[in-house]
2 protein chains.
Amino acid sequence: MSTEKAGYHHGNLRETLVRTALTLLEESGVEALSLRAAARGAGVSAMAPYRHFADKAALLAAVADQGYADLRDRLAAADTQADPRQALVEQGVAYVRFACERPALFRLMLGAPSAGAAPGPKAPAHQPPGPQPPGPKKTAGSGYDILSARVAGLVAEDRRDTAVVAAWSLVHGLACLAVDGRLHGMPGGMAAPEALARQVTSLFTAGLVAARPPSVSA
Amino acid sequence: MSTEKAGYHHGNLRETLVRTALTLLEESGVEALSLRAAARGAGVSAMAPYRHFADKAALLAAVADQGYADLRDRLAAADTQADPRQALVEQGVAYVRFACERPALFRLMLGAPSAGAAPGPKAPAHQPPGPQPPGPKKTAGSGYDILSARVAGLVAEDRRDTAVVAAWSLVHGLACLAVDGRLHGMPGGMAAPEALARQVTSLFTAGLVAARPPSVSA
DNA sequence: CGAGGATGTTTACAGTGTCAACAGAGAAGG
DNA sequence: CCTTCTCTGTTGACACTGTAAACATCCTCG
């Protein structure tokens, strides 16, 4: 009760703002998610959010954090299979399913970083493309750990890092293409993205286990 | 001379606008690319672009078309190797290299569709997530054909569609992750994205050729 | 030379992110 | 109890955006 819960003026505005912003995002799209609209939805004035968030990007980051938590939970929940190959497939399917079920959130989380502060009066305008991973740092990092552990069970150690990057790239790319409707013209693209994810990740993991360089097979 | 070339009032505004917008995009980022800024850079008034583009999204689409052409050329230029496996790797590297060299353009081309018309007075606000591939229709479709042909040389016909989707997903995902700086915390992520692309696509193609279900190997 | 259409300008409006100055509510201390 | 101070929220303003309507200009065609 002493931390930040019960009522000052509004109650707890911060949480209300995040929830309102998330609703706005998922029901009306990114372009409808403005700071003023969130404030309006929370029943406060346009400047009130600035008592809880430094700028629009900070609100968006808070919304994205919700998404990271949900995604991490889903990946963990999909990691029940004992066979690492099956587990990897299920994780990939869960990743793509998340993206398809919550496309706007997914894009906010893993799209272009800090696309929030746009048309202000003073625009610093550019950022060096180097050091800026404001996204799935620690939260989705756990998801990354889960993925990494599963890949470790499938490939030799010298190819592990490459395989992890490849696995993430595969499902992330499929998720992006599906979410952005880029698979519609393709031969296999008419299938449900989840089914596609299953096929694609199965193909990938099959290749992983089949292409062992050490002298074991044959 | 009768088509649209020599001078009316400005010369050919349309091309100037596209060029200005492209420069703005690549030198100052998406958030600096406004219709008014493009007009300003072209030396005309804010409303002049509307004689050549229906709205901001149309300008962005024209800019993206430049990118599709460049990407297609690069993919074609990378397709010189005789060995389909090597050719596939080179295509993937070229794709990732394009994304890393022109990140803003890449995101405009293959990011969220129609993210142009944002804060107008009347906002229709949402689009059903179904039929909307305004991106690499015909242009990058040629790139798709090149990719498809190469994959066809590596896998059996019943897995071909899946393999094509997987290949595109793999390089597209890697490109997105690299462009958005999402690989910096990863074990193998410190390497140059091009080197990563080579490793990842090599691993993938190796798996493709190794995991043949018909009774040929062994 | 006059009509018409293509092209560009001015003005205006609604909406946005954000700064500055102000107002109310709840706690701290006399 | 009253004062003061610090959160919290409000009002007003500014610079900027995309875009509609009305007007001006210039080229071309008849």
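Atom set for the values below is all heavy atoms of this structure, side chains included, hydrogens, waters and symmetry mates excluded. For clarity, every value in this text was computed on a predicted model and none was experimentally measured. Every chain is numbered from 1 and lettered A, B, ... according to where its sequence line falls, protein lines coming before strand lines.
In this structure, of D:dT10, C:dG8, C:dG17, it is D:dT10 that holds the atom nearest to the side chain of A:R51.
Contact check for A:L110 versus B:D180: no side-chain heavy atoms found under the 4.5 Å cut-off. Side-chain contact between B:R74 and B:Q91 is absent, with no heavy-atom pair separated by less than 4.5 Å. Residues B:L174 and B:Y95 form no side-chain contact, since every pair of their non-hydrogen atoms from C-beta on lies 4.5 Å or further apart.
Between A:H52 and D:dG9 there is a side-chain polar atom (N or O) within less than 4.0 angstrom of OP1 or OP2.
The only option from B:V63, B:L17, B:L33 that meets the side chain to side chain contact (heavy atoms under 4.5 Å, CB included) definition with B:L22 turns out to be B:V63.
Here D:dC16 presents its P atom at 17 Å from CG of B:L33, a figure rounded to the nearest Å. Put simply, CD on B:E31 is 15 Å from C1' on C:dT16, counting in whole angstrom units. In this structure, the CG atom of A:L59 is 14 Å from the C1' atom of C:dT18, given to the nearest Å. Atom pair B:D55:CG and C:dG15:C1' shows a separation of 17 Å (rounding to whole Å applied). Note: CZ (A:F53) to P (D:dT8) measures 12 Å, nearest angstrom. Rounding to whole angstrom units, CG of residue A:L13 and C1' of C:dA25 are separated by 15 Å. We find that OH of A:Y50 is positioned 18 Å from C1' of C:dC22, with the value rounded to whole Å.
Nearest heavy atoms, B:T16 versus B:A42: CG2-CB, 3.8 Å. Here the closest non-hydrogen pair linking A:A58 and A:A54 is CB-N, 3.8 Å.
Contact of B:R14 with C:dT7 (side chain to base): no donor-acceptor pair of N or O atoms is detected under 3.5 Å. A:R36 contributes no side-chain N or O that forms a donor-acceptor pair with the base of C:dG15 under 3.5 Å.
Taken from CE in A:M186 to CG in A:L177, the straight-line distance is 8.0 Å, to the nearest 0.5 Å.
The stretch residues 38-48 of chain B touches DNA chain D through B:R40, B:M47, each having a heavy atom under 4.0 angstrom from the strand.
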